[in-house]
Each structure stands twice: as C-alpha cells, then as structure tokens.
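Letters go in sequence order (proteins before strands), and every chain restarts at 1.
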Amino acid sequence: MSPLATAVNDWFRSTGRDLPWRRPGFTAWGTLVSEFMLQQTSVNRVIPHLEAWLERWPAPADLAAVPPGEAVRAWATLGYPRRALWLHQAAVQITERHDGTVPADIADLIALSGIGDYTSRAVAVFAYGERHPVVDTNTRRVIARAVHGRADAAPPAKRDLSDMDALLPADDVEARVFNAGMMELGALVCVARTPRCDSCPVADLCAWRAAGYPEYDGPRTPVQKKFAGSDRQVRGLIMRELRAAHGAVTDAEIATLWTDEAQLARAIAGLLADGLAVSTASGYVLP
DNA sequence: AAGCCGTGGTA
DNA sequence: TTACCAAGGCT
C-alpha cells in the first residue's frame, strides 16, 4: 500500500465516525437509500430521515408498493425532491428487474433512476465490498491537495476516477476502507473553506503543504445562482404546500404563495413536467 | 455540456 | 447579511 493509503486507513479506523450506514448488518437497500439522501444533503440532516424511511420501507418492494407521492412526502425538507421520485422509481426497477434485491454490479446500478457514477460505485463498494474507486467531492478535494499540490479540485472529470484508481490498495477490504477514509478526511479535516492541516493525518505527505499552500489558479466550477427570489425557491414553496395538503391544492391557494405570476406559472409547469405534481379537476396533488 | 434542481448550516 | 458549501444526477 502507498504511504497515503496506509495513513488514511490507520486514521479512519481509529477515528472514523460511527454512522448508521457503517453499522455491521446495515442492508444494501439501506446503503442505497442513504446514498440517495446524501446527494447534496449533509450527514446531520440525513440521519433522522434515513432511519424513519427504513423503518417504514425496510426493503425495495415495500417502497415500490406505495404511490410515488408517499416517497415525496416522506422526503420532507431534505431538498431536491426529484431524488425521492427517482428513489421510488429505482425501488420499482429493483423489484421488477432484480427480484427485489439491490444489484451489486455497477452497470446494473447505474441503469437505475437517480443513480450515477458516484452512487453506483458507493453501493457496490460499501454495501457489497467490491473493489472500485469511489469519487465524490471530498475525495476529489483531498487528491487535488495531497497528490496534485493544488488548493482545490478542478470541476469533475473522467480523470478523477483514474486518479483514485491509481491510489487504491490492491486488497478489497483495504480499498473499501480507503474509499471511506478519503471521504471522511475531506468531510472532517481537508474541508473546503478552512482545512485543519494541523490535525491532518497525511500532512507529512501532502503536496499542497510541501509546495507552500499555493492559491488555486485553475478553472472554477460556476457559482450557483442566488436562491432567494429564484424559480427554485418558488418550486420549493409549492412543494411544501403539496406535502402538507390532505386534498388538492387549488390555483387560488398557489397564487397566495408568490406574487410574480409568470414565475409561479413556470414553477408549476416545471413540477408537472418533472412528475412532482399532478393536475386534477380540483387542483394539484402529489403523484 | 452548461444549467438546473431545495434546504439548511456556517463563517 | 451574503455567499459559500453540502457523500450528485439529469437534460
């Protein structure tokens, strides 16, 4: 094993957090659900929803048996509610195509709704112990700094996967720990804004530190548009209303949520197109 | 393939 | 307060 992998794995085994999806016996379905929820939502916000979700729907077939709107409602305020829709779709696909068992093959996983490069590998590795590189935003940042000597990662690219693959220990178990450890390191120590280099287990090996912490000069990932006043905010307000409603939500009720009518119309049209809302004679409802 | 998609925490 | 950031994926 490389010195980097040795240091990361030692550190992770001694100080890694005790998270639900790291408990022995945690199911592959649980891993899949947790990864969906963790897409752009932080660990602390995910945990309570994850546990409630798995208690209610302990297997893919349980979720597949209820209407998608139930998933969207249970998703609550986790954000990006399309993920709830896709998770429900994935549950249906797993039930139909894989007899209710979460597949272990990356190609099978990536063919499911809402599962891409990251999530497919995370499930194959963390749920099934297969040996693959897993690359997320944390991993990319750690590699950018420790290996490439840059202050930050460039926008995601295919190169990231081969970078991680080159560092991956040959042994399946060590590779799995390394994947988790790199993410943990990026989440707790080698963080985006103010990295805690003083307490970093790989400080001695870090190329960025060795180079004297040069500033980032490469291409930046574009900044997100402002949320306040955006269409996304309007969609969020409407979704909140749909989740809370017992019956249908009328146009009159929707009109009270936002003053800009054009924006309201765009939001509704978008939600209908996305399948997050359905139009009925009496108003809008969850699917 | 650049832009879009929620929500809350943090400095 | 504003702006950044968060275990991405889809079109």
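Residue A/Met239 contributes atom CE, which lies 13 Å from atom C1' of B/dT7 at whole-angstrom precision. At whole-Å resolution of the value, NZ in A/Lys226 and P in B/dG3 are 19 Å apart. Distance, A/Gln224 CD to B/dG9 C1': 14 Å, rounded to whole Å. The interatomic distance linking A/Trp75 (CH2) with B/dC5 (C1') rounds to 13 Å, in whole Å. Remark: P of C/dA6 and OH of A/Tyr118 are 13 Å apart, rounded to the nearest angstrom. Nucleotide C/dA7 holds its P atom 19 Å from the CD1 atom of A/Ile115, rounded to whole Å. One interatomic measurement links the two molecules: NE2 of A/His49 to C1' of B/dG6, which rounds to 12 Å at whole-angstrom precision. Across the protein-nucleic acid pair, A/Arg235 atom CZ and B/dT7 atom P stand 10 Å apart, rounded to whole Å.
For the pair A/Thr41 and A/Ser113, nearest-nucleotide mapping onto DNA chain C gives the more 5' position to A/Thr41. Mapping A/Gly236 and A/Lys225 onto DNA chain B by nearest heavy atom places A/Lys225 closer to the 5' end of the strand. Checking A/Phe126 against A/Trp86, the closest nucleotide of DNA chain C that is more toward the 5' end is the one next to A/Phe126.
Contact annotation for A/Phe227: base contact, defined as any heavy-atom pair under 4.0 Å involving a base atom. Among the protein residues, A/Leu19 comes within range of the nucleic acid bases, having at least one heavy atom under 4.0 Å from a base atom. Among the protein residues, A/Gln233 comes within range of no part of the nucleic acid, since none of its heavy atoms lies under 4.0 Å from any strand. Among the protein residues, A/Trp21 comes within range of the nucleic acid bases, having at least one heavy atom under 4.0 Å from a base atom. Looking at heavy-atom distances under 4.0 Å, A/Asp117 makes contact with sugar-phosphate atoms alone, never a base. At a threshold of 4.0 angstrom between heavy atoms, the contacts of A/Thr194 with the nucleic acid are absent. At the heavy-atom level, A/Pro81 lies under 4.0 Å from the strands shown only through sugar-phosphate atoms. A/Arg243 comes within contact range of the sugar-phosphate backbone alone, with a heavy-atom separation under 4.0 Å but no base atom that close. At a threshold of 4.0 angstrom between heavy atoms, the contacts of A/Leu78 include nucleobase atoms, whether or not backbone atoms are also involved. Within 4.0 Å (heavy atoms only), A/Gly79 reaches at least one base atom of the nucleic acid. As judged by a 4.0 angstrom heavy-atom cut-off over every strand, A/Ala122 is placed among residues making no nucleic acid contact.
Of the P atoms belonging to C/dT11 and B/dG6, the separation is 14 Å, rounded to the nearest Å. Spacing of P atoms, B/dA11 relative to C/dA7, comes out at 15 Å, to the nearest Å. B/dG3 and C/dC4 are spaced 16 Å apart, taking the P atom of each and rounding to whole Å.
Taking only side-chain atoms of A/Val223, from C-beta outward, the nucleotide of B/dG6, C/dA7, C/dC4 with the closest atom is C/dC4. Side-chain proximity of A/Met183 to C/dG8, C/dA3, C/dA7: nearest is C/dA7. You'll find that the side chain of A/Arg240 is closest to B/dG8, out of B/dC5, B/dG8, C/dG9. Of the listed nucleotides (C/dA7, B/dC5, B/dG8), C/dA7 has the atom at the smallest distance from the side chain of A/Glu184.
Counting only distance, with no hydrogens or angles, the side chain of A/Thr41 and the backbone of A/Leu78 share a donor-acceptor pair below 3.5 Å.
Taking the six-membered ring where the residue is Trp, the centroids of A/Trp208 and A/Tyr213 are separated by under 6.0 Å. A/Trp57 and A/Trp29 have their aromatic ring centers separated by at least 6.0 angstrom.
Annotation for A/Arg196: atom CZ does not count as buried by contact number, only 12 or fewer foreign heavy atoms lying within 6.0 Å.
Within 3.5 Å, a donor on the side chain of A/Arg45 pairs with an acceptor on the base of B/dT7, or the reverse. With hydrogens and angles ignored, no donor-acceptor pair under 3.5 angstrom links the side chain of A/Arg193 to the base of C/dC5.
The side chain of A/Arg232 places no N or O atom within less than 4.0 Å of a non-bridging phosphate oxygen (OP1 or OP2) of B/dG6. Applying the 4.0 Å criterion to OP1 and OP2 of C/dA7, one finds that A/Gln39 has every side-chain N and O outside that range. Between C/dG9 and A/Thr119, a contact under 4.0 Å exists linking OP1 or OP2 to a side-chain N or O. Distances shorter than 4.0 Å separate none of the side-chain N or O atoms of A/Arg83 from OP1 or OP2 on B/dT7. Regarding contacts with the backbone of C/dC5, every side-chain N or O of A/Ser42 stays at 4.0 angstrom or more from both OP1 and OP2. At C/dA6, one or more side-chain N or O atoms of A/Arg141 fall inside 4.0 Å of OP1 or OP2 (strictly under the cut-off).
At a cut-off of 3.5 Å, with distance as the only test, a side-chain donor of A/Arg141 or A/Asn138 sits close to an acceptor on the other residue. In this structure, a donor-acceptor pair under 3.5 Å is present between the side chains of A/Tyr118 and A/Glu35.
In terms of heavy-atom proximity, A/Met164 sits nearest to A/Pro133 at CG-CB, 3.7 Å.
The existence of a salt bridge linking A/Arg56 and A/Glu70 is confirmed by a sub-4.0 Å separation between a basic side-chain nitrogen and an acidic carboxylate oxygen.
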